[in-house]
Number of protein chains: 2
Amino acid sequence: MHCHATHSTTLTEPKTGRPAPSETDLEPRIAKLFDPRQPVRHVLPDHSILLQGEPADTLYQIVSGTVRCCTFSEDGVRQIFRFAGAGDYLGFADFETWHFTAEAVDHVILRAVPRPRAEAAIAQNPSLQVALRAMMVRGLAARERHMFMLAYMPAEDRLYRFLTDLAARRGASGFTVLPMKRRDIADHIGLTFETVSRGFSSLKRKRAIEMRGNDRFRIHSDDLLLAA
Amino acid sequence: MHCHATHSTTLTEPKTGRPAPSETDLEPRIAKLFDPRQPVRHVLPDHSILLQGEPADTLYQIVSGTVRCCTFSEDGVRQIFRFAGAGDYLGFADFETWHFTAEAVDHVILRAVPRPRAEAAIAQNPSLQVALRAMMVRGLAARERHMFMLAYMPAEDRLYRFLTDLAARRGASGFTVLPMKRRDIADHIGLTFETVSRGFSSLKRKRAIEMRGNDRFRIHSDDLLLAA
DNA sequence: CGTATCATTGATGGGGCTCAACACGCGTGG
DNA sequence: CCACGCGTGTTGAGCCCCATCAATGATACG
């Protein structure tokens, strides 16, 4: 029983990507861990930021750019379980070694903080702990939502939801930049890049999306979509 | 590019379900939140423990039995993102309202603690916070592992891995009880119950598993499996 | 024995993977 | 300037795995 409506299902999330009220208040407490002026790291497209299995001795905040967080199976299949963007954090889901690999999709700028210092600050700051737990709760729910997509949604719906979620996170109306390649999208939503490409074509054909070049898109209103 | 070997891929987890050393030390601290003698709740098979959307005013520890944690899409499709068993906890991934529904698979016995009391205890106990964060980290990794399965593994491999993981969690060698129905398994690994059933038959035929009735199974060694 | 629930097995069709060809932009170097 | 290669994206043809629909067993319970 697949999801008929292309724009289907948000499960029960408040709305896509909208942080809970508590989150809005608490997020700055996490950001304070990072010195807003100091150590900044630049990473070029397709270069790795951190490697699965290596010591997780640093935490990062993404200043700008897009990061793909992925794991590789023994036979080299890549699974991107998350795209992280400006304002997101890397490293709070590990203690000793990284359980995933992070790579730059485009030019990425990071702020870094050594783990010992961060952990010490966390230990002394109860409201920071609450903020962290809230962040991880959102991470759990996001992964469950993604699991549902992988298990039950047909190809085109997966792509449509990926695009709407991305546009919602970027916030601004109008065209949204699509920093990643078709292959990256495919490895994220569990398809081949050919199927992703067909999905783009199909969505364009039925006026669900509009594209400028192949790295900018815009979602059309649901009303238009229903007419198709 | 599917996973050829039936016993394939653990990604990079230490080993199935084995808690990290830190976890072994810290887990009792979470357990201490629950009074080992007092308020116990019994839930009959297929009855609900907590409902998506309702206030999350209680935390639970599972004393015995198996719980399915699931979400429902608008059109009624069920996704079981986790089976929780004896020793597992429910409720640390929410603050105000439940983001999922928990139902008893078999007869379930729970210990409960009111959230305000638990949160107060957490706020005052730093090492408990560390334990909680470790638990949530494991939850994140488990969901990512599951995402990989849903995205890339063929039906039979999914079932085989589900069974091996279950047997590993139960620990004891010999036959393992399978508390849930085919339909539950299907909704967990993203298949239909018919395909799950065919998977059982196929695994039996090639001597990968052995069954006693249809609710007890045993995994055969990989050596035997390779010979098939 | 009749009924209900669950599991198994078969037949059929379709969605997406695979293999393959082609289009397009962009760089380099003749 | 055009040729050529290369990376990326699109489109087509064919096939296979799994969802779907359907029928038959198996077991428990009245």
Side-chain angles (χ1 to χ4, degrees), chain A residues 1-4 6 8 44-46 73 75-79 105-106 148-160 162-163 177-206 209 211-217, chain B residues 1-4 6 44-46 68 73 75-79 105-106 149-160 162-163 177-206 209-217:
Chain A
M1 180 178 297
H2 281 177
C3 311
H4 320 302
T6 309
S8 76
L44 297 179
D46 293 325
S73 74
D75 41 3
V77 181
R78 183 181 69 169
Q79 155 78 339
V105 170
D106 46 11
F148 180 87
M149 184 176 85
L150 294 173
Y152 293 119
M153 286 175 66
E156 199 175 308
D157 293 10
R158 298 190 200 187
L159 179 60
Y160 186 78
F162 170 74
L163 294 175
V177 175
L178 196 65
M180 65 288 286
K181 315 278 184 206
R182 300 290 185 268
R183 177 64 196 267
D184 292 325
I185 300 174
D187 288 349
H188 182 51
I189 63 183
L191 300 171
T192 61
F193 69 91
E194 294 101 324
T195 303
V196 170
S197 185
R198 283 182 236 274
F200 272 108
S201 299
S202 174
L203 289 173
K204 278 187 289 191
R205 224 175 301 122
K206 58 180 71 161
I209 64 170
M211 300 214 52
R212 197 121 79 191
N214 52 23
D215 62 346
R216 281 163 206 280
F217 71 96
Chain B
M1 183 181 298
H2 283 177
C3 310
H4 320 303
T6 307
L44 297 179
D46 292 326
R68 52 175 186 256
S73 73
D75 41 2
V77 181
R78 183 181 69 168
Q79 154 79 339
V105 170
D106 46 12
M149 185 177 85
L150 294 173
Y152 294 119
M153 287 175 64
E156 199 174 308
D157 293 11
R158 297 190 200 186
L159 179 59
Y160 186 77
F162 170 74
L163 294 175
V177 175
L178 197 64
M180 64 290 286
K181 315 280 186 206
R182 300 290 184 268
R183 176 65 196 267
D184 292 324
I185 300 174
D187 288 348
H188 184 51
I189 63 183
L191 301 171
T192 62
F193 70 90
E194 295 100 324
T195 303
V196 170
S197 186
R198 282 182 234 275
F200 272 108
S201 300
S202 173
L203 289 173
K204 279 189 287 192
R205 225 176 301 123
K206 57 180 71 163
I209 63 171
E210 186 186 342
M211 300 214 54
R212 197 121 80 191
N214 54 23
D215 64 346
R216 282 163 204 281
F217 71 96

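To find a chain, count down the sequence lines: A is the first, B the second, and so on, and within it residues start at 1. Worth saying up front: this structure is predicted, and the values here are computed from it rather than measured.
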- Task: Could you work out which one of D/dT8, D/dT11, C/dT9 sits closest to the side chain of B/S197?
- Result: C/dT9
- For the residue pair B/S73 and A/Y152, establish whether any side-chain heavy-atom pair is separated by less than 4.5 Å. no
- Query: Please give, in whole Å, the distance from D/dC18 C1' to B/R182 CZ?
  - Reply: 18 Å
- Message: Whole angstroms only, please: what is the CE-C1' distance between A/M180 and D/dG9?
- Response: 16 Å
- Item | Among C/dT8, D/dT11, C/dA7, the one nearest B/K181 by side-chain distance | C/dA7
- Below 4.0 angstrom, N of the basic side chain to O of the carboxylate: do B/D187 and B/K181 qualify? no
- Mark up nucleotides 22-30 of chain D, 5' to 3', with B wherever a protein heavy atom is under 4.0 angstrom from a base atom, S wherever such an atom reaches only the sugar-phosphate, and - elsewhere. ---------
- Query: Which of these, A/R205, A/R198, A/K206, A/K204, sits in a salt bridge (charged side-chain N to carboxylate O under 4.0 Å, His left out) with A/E156?
  - Reply: A/K206
- Task: Select base, sugar-phosphate, or nothing to describe what B/G190 touches, counting heavy atoms under 4.0 Å on all strands.
- Result: sugar-phosphate
- Pairwise side-chain contact, A/I185 with A/L178, heavy-atom cut-off 4.5 Å (strictly under): yes
- Message: Within this structure, what is the CG-CE distance for the pair B/D215 and B/M180, rounded to the nearest 0.5 Å?
- Response: 11.0 Å
- Any B/S201 side-chain nitrogen or oxygen under 4.0 Å from OP1 or OP2 of C/dT9: yes
- Item | Separation of D/dT8 P from A/D187 CG (nearest whole Å) | 13 Å
- Query: Would one find more than 12 heavy atoms of other residues, nucleotides or ligands at under 6.0 Å from atom CZ of B/R78?
  - Reply: yes
- Query: Rounding to a whole Å, what distance do you find between A/N214:CG and C/dC24:C1'?
  - Reply: 10 Å
- Message: Both B/R205 and A/T192 contact DNA chain C. Taking the nearest nucleotide for each, which residue is further toward the 5' end?
- Response: B/R205
- Check: B/L150 and B/R158 side chains under 4.5 Å, non-hydrogen atoms: yes
- Task: Round to the nearest Å and state the distance from A/D215 atom CG to D/dG9 atom C1'.
- Result: 12 Å
- Figure out the CZ/C1' separation between B/F200 and C/dC6, and round it to whole Å. 13 Å
- Task: Can you tell me the distance, in whole Å, between the CE atom of B/M211 and the P atom of C/dC6?
- Result: 16 Å
- So, is A/T195 near the phosphate of C/dC17, with a side-chain N or O under 4.0 Å from OP1 or OP2? yes
- Starting at atom CG of A/L203, determine the distance to atom P of D/dT11, rounded to an integer number of angstrom. 12 Å
